[in-house]
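Residue numbering restarts at 1 for every chain, and letters A, B, ... go by the order of the sequence lines. Please read all numbers here as calculations on a predicted model, not as lab measurements.
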There are 2 protein chains.
Amino acid sequence: MDAKKVEKISKALADPNRLLILKELRKNKNCLYCTDVYEFVDLTQPSISHHLKLLTDAELIIPTKEGRNMKYELNNKMIDQYVNFLQALKA
Amino acid sequence: MDAKKVEKISKALADPNRLLILKELRKNKNCLYCTDVYEFVDLTQPSISHHLKLLTDAELIIPTKEGRNMKYELNNKMIDQYVNFLQALKA
DNA sequence: TTGATACATTCAAATATTTCGATGTATTAA
DNA sequence: TTAATACATCGAAATATTTGAATGTATCAA
């Protein structure tokens, strides 16, 4: 994983609301609908949409269109790659 | 590790110059002097000082005063704790 | 003690990020 | 086809981060 990607993922993780989203994703068996997010994140719809976009752009979550809803799943592989980079720092 | 700490560490990792510093720290057997940083980071002294402070505040590096120099060492334990948080997201 | 070196701090400008109102698009229900 | 729902996008304001010039402090060398 190159430095630019690490930077992007780190930025995506550097916000309390986005961390909340990831935590809830885990709770919900790594699957979440956009509408669900309004329940635990105290922001307007455009803001939530923005945060989900940043997480998606960092490939930490993977979106799927389901009718007029969006389904989000955690991307375990990307987390693994990010962790690998961090572990390599210690080597 | 609580969300605030994760946020702080993520922010510290979300900058190309700080990532460079961490990478060079690894190269130099996890030990670096402030003066060394000028060689590979193209910023002025106050900026470098600022970045080192953010990394220190996040406890990713541990500073030691050695005469008029500062020695910086990577804090493996903090990286481990951060990695643990990330791994727990997948669980 | 004086000058130089190493680093920190302060302040302000430039830049990036976060947030939301307004609005647009796609899908579904009636 | 019309109205409602789900979400995206745009634009602007508020806030945070990054950067460097100026300056301060501590240490060392002469």
Side-chain angles (χ1 to χ4, degrees), chain A residues 3-25 28 30-75, chain B residues 3-25 28 30-75:
Chain A
K4 279 224 169 187
K5 185 72 186 176
V6 173
E7 192 190 332
K8 199 166 196 174
I9 293 179
S10 300
K11 272 183 184 160
L13 294 171
D15 177 273
N17 290 309
R18 291 194 291 272
L19 287 176
L20 244 180
I21 291 170
L22 293 177
K23 275 192 174 180
E24 288 291 326
L25 250 173
N28 285 35
N30 291 345
C31 173
L32 207 65
Y33 289 90
C34 198
T35 1
D36 301 330
V37 180
Y38 306 140
E39 289 169 23
F40 57 86
V41 170
D42 191 27
L43 290 174
T44 60
Q45 180 266 321
S47 296
I48 290 172
S49 188
H50 166 73
H51 287 303
L52 287 168
K53 184 168 166 40
L54 289 195
L55 289 170
T56 301
D57 287 351
E59 295 178 282
L60 284 170
I61 60 177
I62 296 169
T64 316
K65 195 166 187 178
E66 284 192 355
R68 63 181 157 179
N69 298 308
M70 289 298 290
K71 183 175 115 185
Y72 292 100
E73 285 170 289
L74 204 69
N75 186 1
Chain B
K4 278 224 168 185
K5 185 71 185 176
V6 173
E7 192 190 332
K8 199 165 196 174
I9 293 180
S10 300
K11 271 183 186 159
L13 293 170
D15 177 271
N17 290 308
R18 290 195 291 271
L19 287 176
L20 245 180
I21 291 170
L22 293 178
K23 274 192 174 180
E24 287 291 325
L25 251 174
N28 285 36
N30 291 345
C31 172
L32 208 66
Y33 289 89
C34 198
T35 1
D36 302 330
V37 180
Y38 306 140
E39 289 169 23
F40 58 85
V41 170
D42 191 25
L43 291 174
T44 59
Q45 180 266 321
S47 296
I48 290 172
S49 188
H50 166 73
H51 287 304
L52 287 168
K53 184 167 166 40
L54 289 194
L55 288 170
T56 302
D57 288 351
E59 294 177 284
L60 284 170
I61 60 178
I62 297 169
T64 316
K65 196 166 186 178
E66 283 192 356
R68 61 182 159 180
N69 298 308
M70 288 299 290
K71 184 175 114 185
Y72 292 100
E73 285 170 288
L74 205 68
N75 186 2

Colleague: Side chain to side chain contact (heavy atoms under 4.5 Å, CB included) for A/Ser49 and A/Lys53? Distances and angles first, verdict last.
Modeller: CA-CA 6 Å; A/Ser49 188; A/Lys53 184 168 166 40; 5.9 Å; no

Colleague: For the pair A/His51 and A/Leu43, evaluate side chain to side chain contact (heavy atoms under 4.5 Å, CB included) and give the outcome as yes or no after the intermediate values.
Modeller: CA-CA 10 Å; A/His51 287 303; A/Leu43 290 174; 3.6 Å; yes

Colleague: Checking B/Glu39 now: which residues fulfil salt bridge (Lys or Arg N to Asp or Glu O under 4.0 Å) with it, not counting sequence neighbours?
Modeller: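 With neighbours one apart ignored, the set is empty.
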
Colleague: Apply side chain to side chain contact (heavy atoms under 4.5 Å, CB included) to residues A/Arg18 and A/Leu54 and explain how you reach the verdict.
Modeller: CA-CA 9 Å; A/Arg18 291 194 291 272; A/Leu54 289 195; 3.3 Å; yes

Colleague: Between atom CE in A/Met70 and atom C1' in D/dT9, what is the gap in whole Å?
Modeller: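 So the CE-C1' distance, A/Met70 to D/dT9, works out to 14 Å.
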
Colleague: Take atom CG of A/Leu54 and atom C1' of D/dA16, then tell me their distance rounded to the nearest Å.
Modeller: 15 Å

Colleague: Can you check whether A/Asn17 has a side-chain N or O nearer than 4.0 Å to OP1 or OP2 of C/dT19?
Modeller: yes

Colleague: With side chain to side chain contact (heavy atoms under 4.5 Å, CB included) as the test, would you mind laying out the steps for B/Leu13 and A/Ile9 before giving the verdict?
Modeller: CA-CA 9 Å; B/Leu13 293 170; A/Ile9 293 179; over 6 Å; no

Colleague: Of the listed nucleotides (D/dT17, C/dT19, C/dA8), which one gets closest to any side-chain atom of B/Ser49?
Modeller: C/dA8

Colleague: In whole Å, what is the span from the CD1 atom of B/Ile21 to the P atom of C/dC7?
Modeller: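 From B/Ile21 CD1 to C/dC7 P: 12 Å.
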
Colleague: Check the phosphate of C/dT17 against A/Lys11, side-chain N and O only, distance under 4.0 Å to OP1 or OP2. Yes or no?
Modeller: yes

Colleague: What pairs with A/Lys5 under salt bridge (Lys or Arg N to Asp or Glu O under 4.0 Å), at least two apart in sequence or on another chain?
Modeller: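 For A/Lys5, the residues satisfying salt bridge (Lys or Arg N to Asp or Glu O under 4.0 Å) (neighbours in sequence not counted) are A/Glu59.
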
Colleague: Rounding to an integer number of Å, can you tell me how far A/Tyr33 OH sits from D/dT5 C1'?
Modeller: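 My rounded result for the distance is 16 Å.
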
Colleague: Would you kindly give the NZ-to-P distance between B/Lys71 and C/dA6, to the nearest whole Å?
Modeller: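 B/Lys71 atom NZ is separated from C/dA6 atom P by 18 Å.
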
Colleague: For a quick check, with a 4.0 angstrom heavy-atom cut-off, what is the B/S/- contact string for nucleotides 20-30 of chain C, read 5' to 3'?
Modeller: BBB---SBBS-

Colleague: Could you state the NZ-P distance from B/Lys8 to D/dA16, rounded to the nearest angstrom?
Modeller: 15 Å

Colleague: CG of B/Asn69 versus P of C/dA8: gap in Å, rounded?
Modeller: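 Rounding to the nearest Å, CG of B/Asn69 and P of C/dA8 are 11 Å apart.
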
Colleague: Mind checking the CG-CZ spacing from B/Leu20 to B/Phe40? Nearest 0.5 Å is all I need.
Modeller: 6.5 Å

Colleague: What is the separation between atom CD on B/Glu7 and atom P on D/dT15, rounded to the nearest whole Å?
Modeller: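 In whole Å, D/dT15 P and B/Glu7 CD are 17 Å from each other.
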
Colleague: Determine: side-chain N/O of A/His51 to OP1/OP2 of C/dT19, distance under 4.0 Å, yes or no.
Modeller: yes

